[in-house]
Colleague: 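Have a look at this one.
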Amino acid sequence: MTGFMTRYKRTHSCGELRAGQAGETVVLMGWAHRRRDHGGVIFVDLRDREGVTQVVFNPEIAPEAHREAHRIRNEYVLAVRGTLRERLEGMTNPQLPTGEVELMVEELEILNESRTPPFVMEAETDVSETVRLKYRYLDLRREKIQKNLILRSTVAAATRNYLAERGFIEVETPFLTKSTPEGARDYLVPSRVNPGMFYALPQSPQIFKQLLMVSGLDRYYQIVKCFRDEDLRADRQPEFTQIDIEMSFITEDDLMNVIEGLMAAIFKVGIGMEPERPFPRLTWTEAMDRYGRDNPDTRFGLELENVTDIVRNCGFKVFAETATRGGVVKTLKIEDGRRLSRKDLDEMPGYVSDFGAKGLAWARVNEDGWTSPLFKYLTADEVAGINRRVKAAPGDLIFFVADSPGVANDALGNLRVRLAQKLGLIKPGSFSFTWITDFPMFEYSDTEKRYMATHHPFTAPVDDDIALLSTDPGKVRARAYDLVLNGSEIGGGSIRIHRSDVQSMVFKALELGDDEVRAKFGFLIDALEYGTPPHGGIAFGLDRIIMLMAGAESIRDVIAFPKTQKATCLLTDAPSPPSMEQLMELSLKVVRDKE
RNA sequence: GGGGUCGUAGUUAAGUUGGUUAUAACGCCGGCCUGUCACGCCGGAGGCCGUGGGUUCGAGUCCCAUCGACCCCGCCA
């Protein structure tokens, strides 16, 4: 039988038929998910985006269709017409939403055949990612990945609705744009028309969205690709998507209010979760003190304590010397330390050494002191003081790291998360939002030998700190904020500088030369001189948000066509060498680094 | 740039102190089977052991190099 497509239209999806529709004549189209051939009757699970329906080929009902059905193999594309039947008692499949019905096929057309697929299209599969990425179009047939893409689409739509309702205007900004200093490595695009010149793909539409505020657009948003040529991680891809937002005539509170509403809207529609509002706020200093990171996971306690003052003059040299040199001694206390196995404990020092810690001391708290290599070096007062500070009870375990504040926080902040995972302190399916505020404006870079912008160079300093820009840049606080969810930074932004004199002072503090500033963003300085409104904004990593919502372990599972850790695409084999003609046209020559 | 894990049929894995014909499951092909739904039963095919070099009488196994996938550090304003 041929001509099925012109004679019939699909009447239903494979996921919607129920017992109430029994008796109807229906037409389904989809893929043969699985075939069960009993010699007589043949069952095929027909699959499409919406689900699976069992279709039945019975030689007594439709001999011709039954004969043709013998040819069906996995992933063949089928069109079937037949009568829907309620399954008899004992023949239903409670695991399928459509399990109470089956389609008794009267007519079949095999619309297309399929080579034997390299893996089965099950929701759960243990196929290697290499194979999945090579055959991504097949991997995307799997329900699990399709669900993620659907979630992503739903969240993007909800974002557009929410922002449009509040007067935000979606504006597209250029991809072929100008390289900016600071920040990540740029992806460059050669200009054929301008030999030797290059565009840069945007790391974010930062400057354009600020210019739109100068233009009086007032409220802007865009769901937009951004590009950063840095090494990849489980949650980092070279091209990723931001929800980018900018608003005029606002303060931090105005923006946070809008954003909390946005988060509530997308988490509701995405996964039916309604976060408590307002979101808690932590200053950067507090976050570092208590959690050791500027992106603390606040789903559990396990906070760090600083005991530097107690051990400053103690008999344990490492502690005392670290304190004297301006370092810190910080602790992490585990209630009932026996929950950690010997093996767990053995792995801890290696783990903190990844973050630069030279050692990890420990103490088991007893009724009458500690079991610890440290115990004999400390006075009773010092031990009691530490116990009091960390609120230790007998049976508890205390970890110590003595180092520079940066290393100690990094080591213990990451150990904290690791231990919480080991101890099962993180409730699955829980979500905890936190704003981090009052970031330092600059961080001193040892490699560059100068201050670098913590956020970016257009971030406004706190008004009271403007005078410090020229005298003590390290003390200046920025009007920047990050939104952290479950230990991931999902978004960050700031109130921007809207005065050109302040902008110049910041460039000066960054030791960017006048010529460089002029060449790189003279246009922004100029723009700021034409009546720029106070403005600010934020940008969210859409991929990371979806990843958290979906509970995905990798950002690749929420991106249709992701890249490998080496930034290649196993499906298309990109990147690839250009032809000689292409190079000539672009006035380019490839120079291979011979060691 | 650095540290780690891994690479054996289409897929996922096993493979002992180096030893003769490299296993298993699923998938695939053929046969049987009219109520299965991870259908069942019988039979069969399928291997550049990532690649290159070395040690050895002999290498999936040991050594070196290299390629690739993943995780992490650096990096990611």
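Protein chains get the first letters and strands the later ones, always in sequence-line order, with residue 1 at the start of each.
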Colleague: Indicate whether OP1 or OP2 belonging to B/C39 is found under 4.0 Å from a side-chain N or O atom of A/R34.
Modeller: yes
Colleague: Describe the nucleic acid contact of A/N74 in one word from base, sugar-phosphate, nothing, applying a heavy-atom distance below 4.0 Å.
Modeller: sugar-phosphate
Colleague: What nucleic acid atoms does A/D126 come within less than 4.0 Å of, heavy atoms only: base, sugar-phosphate, or nothing?
Modeller: sugar-phosphate
Colleague: What is the separation between atom CZ on A/R85 and atom C1' on B/U36, rounded to the nearest whole Å?
Modeller: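 Rounding to the nearest Å, CZ of A/R85 and C1' of B/U36 are 13 Å apart.
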Colleague: For a side chain to side chain donor-acceptor pair (under 3.5 Å) with A/H535, tell me which candidate from A/H498, A/Q210, A/K209 qualifies.
Modeller: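 Among the candidates, only A/Q210 passes.
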Colleague: So, A/Y291 and A/N409: side-chain donor and acceptor under 3.5 Å apart, yes or no?
Modeller: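 No donor-acceptor contact under 3.5 Å links the two side chains.
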Colleague: Base, sugar-phosphate or nothing for A/T568? Non-hydrogen atoms, less than 4.0 Å.
Modeller: sugar-phosphate
Colleague: Between A/E113 and A/R71, does any side-chain N to carboxylate O distance fall below 4.0 Å?
Modeller: yes
Colleague: So does A/E122 pair up with A/R142, basic N to acidic O under 4.0 Å?
Modeller: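 No salt bridge links A/E122 with A/R142.
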Colleague: Base, sugar-phosphate, or nothing for A/D354, non-hydrogen atoms under 4.0 angstrom?
Modeller: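 Sugar-phosphate: the residue A/D354, judged by heavy atoms under 4.0 Å, touches backbone atoms but no base.
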Colleague: B/C39, OP1 or OP2 - any side-chain N/O from A/R36 closer than 4.0 Å?
Modeller: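 For B/C39, OP1 or OP2 has a side-chain N or O of A/R36 closer than 4.0 Å.
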Colleague: Tell me whether the side-chain N/O atoms of A/Q54 come closer than 4.0 Å to OP1 or OP2 in B/G35.
Modeller: no
Colleague: Under 4.0 angstrom, heavy atoms only, what part of the nucleic acid is A/Q565 near: base, sugar-phosphate, or nothing?
Modeller: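 The residue A/Q565 makes base contact.
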Colleague: With a cut-off of less than 4.0 Å, is there a side-chain N or O of A/T564 near OP1 or OP2 of B/A69?
Modeller: yes
Colleague: For B/C71, does OP1 or OP2 lie under 4.0 Å from any side-chain N or O of A/R556?
Modeller: yes
Colleague: According to a strict under-4.0 Å criterion, is A/R73 in side-chain N/O contact with OP1 or OP2 of B/C29?
Modeller: yes
Colleague: Considering every strand and a 4.0 Å limit on heavy-atom distances, what is the contact class for A/M91: base, sugar-phosphate, or nothing?
Modeller: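 The answer is base, as A/M91 lies within the cut-off (heavy atoms under 4.0 Å) of a base atom.
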